[in-house]
Amino acid sequence: IALAKIGDSKDEAGEGKEGFADIIGKFLNDSSQEIKETAAVSLGILGNESSIEPLTHLALNTLEGRKLVSKGGAANEVDERTRSFALYGLGLIGYRTEDEEARKMIVDTLVELLDGDGKTSAQRDMSVGALIAMGLVPLESNPEWVPSEDEPWKASDCREAQVQWVIQYYDDDSVNFLVRAHAPTTLARLVQFADPRKLFENDADQSYRPLKEMIATELVKDIDKRSKAETEIQQSAILALGLIGDSDEDKIDQTVRKALMDVDDLADPQSRNFAVIALAHVGGRPGHGDGEAIPGAE
């Protein structure tokens with residue numbers, strides 16, 4: 001981790017020349033589980049795009065991935081903890097890279113995991129890791145995109161497709177609800193802004209509004225007192241709404257604030273406490289829509 005945080009030194013062309021990825025990669029077959037999994041996430045902290053391929057092999061438990069964690073030949077499998085840390089590593093690289101194609105590759109890997117082993121494994125670590133990583137890898141937006149019933153589409157097509165896919169995963173009752181409870185935060189991170197390096201910053205860019213409305217509408221219905229959503233999902237939806245709502249007079253923001261104030265009707269005390277925190281976040285974000293209070297904002 002220390003090497004990853006120091007990072008590679010750069011040559012005149014701006015390329016890394018120390019080869020820390022190779023040094024860290026040698027720890028992937030360590031006999032200690034803690035060192036092995038830490039090496040995987042350290043490749044993500046280092047942030048080199050060259051690490052996308054080995055981390056993908058680890059995450060998907062391929063033959064190449066099994067070779068990476070073996071001292072000779074190929075292991076029977078990449079253990080789930082190492083696979084989970086590899087997913088976090090992919091998310092960290094996707095957050096930092098400016099290469100849209102690299103981000104698309106990472107999103108494809110996350111979807112493959114969530115649609116595959118992430119659904120069948122008795123352990124939830126991999127699915128949770130993939131969902132959290134998804135929220136760190138927002139793709140470029142295409143406001144013209146709509147899901148087609150006649151032609152196949154992928155989550156990696158654009159930001160709108162990515163959000164649509166996560167919503168469908170969130171609504172899939174066949175997925176363990178403790179895993180789905182991580183989806184609202186992922187959605188909140190994806191909806192915020194077109195620039196993935198400006199998550200949670202106030203910005204006058206309104207290109208995210210349609211996505212914000214779609215996600216907020218989805219989450220609001222799950223915190224209604226008549227909702228049958230599990231408590232953990234309700235708590236997550238409440239906190240996520242606190243991340244995307246603001247205090248201007250846009251209709252969707254009024255809906256979000258009312259829904260959070262109505263949480264007081266829920267029996268779960270933790271949900272009510274989370275709603276107070278979420279309302280504080282919403283109240284501290286002026287917004288740029290109708291009734292905004294920022295001088296000079298359009």
Side-chain angles (χ1 to χ4, degrees), residues 41 43-57 59-60 86-116 118 126-149 151-172 175 179-180 182-219 240 243-244:
V41 76
L43 289 174
I45 296 171
L46 185 62
N48 287 355
E49 293 171 15
S50 62
S51 296
I52 293 176
E53 183 176 350
L55 287 174
T56 298
H57 284 302
L60 298 181
L87 290 162
Y88 289 123
L90 285 171
L92 291 171
I93 294 176
Y95 176 73
R96 293 175 60 180
T97 183
E98 296 184 3
D99 186 338
E100 179 70 3
E101 289 305 313
R103 291 200 292 265
K104 286 177 178 286
M105 289 172 55
I106 292 171
V107 169
D108 283 335
T109 297
L110 300 177
V111 168
E112 183 174 346
L113 187 286
L114 289 166
D115 267 342
M126 289 191 300
S127 298
V128 170
L131 268 181
I132 292 174
M134 183 76 79
L136 296 175
V137 194
L139 301 175
E140 290 183 2
S141 177
N142 176 13
E144 304 300 320
W145 182 89
V146 291
S148 173
E149 297 181 0
E151 298 180 6
W153 56 273
K154 300 189 303 180
S156 58
D157 287 345
C158 60
R159 176 85 64 88
E160 284 72 15
Q162 191 179 11
V163 167
Q164 182 67 34
W165 191 92
V166 175
I167 288 177
Q168 290 180 355
Y169 189 85
Y170 175 64
D171 286 336
D172 187 351
V175 179
V179 174
R180 290 190 290 119
H182 289 268
T185 303
T186 295
L187 290 168
R189 287 173 172 161
L190 290 176
V191 74
Q192 286 278 29
F193 303 106
D195 184 347
R197 287 157 294 280
K198 291 185 178 180
L199 299 178
F200 307 119
E201 293 181 13
N202 279 322
D203 194 293
D205 177 14
Q206 296 295 294
S207 63
Y208 67 92
R209 274 192 178 184
L211 287 179
K212 173 179 175 178
E213 292 177 7
M214 181 168 65
I215 292 172
T217 301
E218 179 76 19
L219 299 181
L243 293 175
I244 64 176

Can you tell me how far the CG atom of Leu131 sits from the CE atom of Met134, to the nearest 0.5 Å?
7.0 Å
Nearest heavy-atom pair of Ser51 and Leu43: which atoms, and what distance?
OG-CD2, 3.8 Å
Under the 3.5 angstrom rule, does the side chain of Thr109 hit a backbone N or O of Met105 as a donor-acceptor pair?
yes
Pairwise distance CD(Gln162) to CH2(Trp145) - rounded to 0.5 angstrom
11.0 Å
Using only atom types and a distance under 3.5 Å, with no angle test, would you say the side chain of Thr56 pairs donor to acceptor with the backbone of Ile52?
yes
Are the side chain of Glu140 and the backbone of Glu100 linked by a donor-acceptor contact shorter than 3.5 Å?
no
With a 4.0 Å cut-off on N to O distance, would you call Glu101 and Lys104 a salt bridge?
no
Atom CG of Leu211 and atom CD of Gln164: how far apart are they, to the nearest 0.5 Å?
9.5 Å
I'd like to know if the side chain of Asp157 reaches the main chain of Lys154, judged simply by a donor and an acceptor atom lying under 3.5 Å from each other, with no hydrogens or angles considered.
yes
Shortest non-hydrogen contact from Glu218 toward Asp171
OE2-OD1, 2.5 Å
Side chain to side chain contact (heavy atoms under 4.5 Å, CB included) assessment of Val163 paired with Val191
CA-CA 8 Å; Val163 167; Val191 74; 5.6 Å; no
Exercise: identify the closest heavy-atom pair between Leu113 and Ala130
CD1-CB, 4.0 Å
Mark yes or no for whether Arg96, through its side chain, and Gly44, through its backbone, hold a donor-acceptor pair below 3.5 Å.
no
Supply the atom-to-atom distance Tyr169 OH to Leu110 CG, rounded to the nearest 0.5 angstrom.
11.0 Å
Any residue meeting salt bridge (Lys or Arg N to Asp or Glu O under 4.0 Å) with Asp99, in chain and number order, not counting sequence neighbours:
none
Looking at Ala240 and Pro184, what are the two nearest heavy atoms and their distance?
CB-O, 3.4 Å
One should read off an interatomic distance between Asp115 CG and Ser127 OG, to the nearest 0.5 angstrom, of 10.0 Å
Can you confirm whether Pro138 sits close enough to Leu190 that some side-chain heavy atom of one is under 4.5 Å from a side-chain heavy atom of the other?
yes
Note, Tyr170 side chain near Thr186 side chain (heavy atom, < 4.5 Å):
no
Atom of Ile106, atom of Leu90 and distance for their closest heavy-atom approach:
CD1-O, 3.4 Å
Check: Arg103 side chain, Gly94 main-chain N or O, donor-acceptor pair, under 3.5 Å
no
What heavy-atom pair brings Pro147 and Trp153 nearest, and what distance separates the two atoms?
CB-NE1, 3.8 Å
Test item: His57 and Glu53 side chains (from C-beta on) under 4.5 Å apart, heavy atoms:
yes
From CD1 (Ile215) to CG (Leu187), nearest 0.5 Å:
4.5 Å
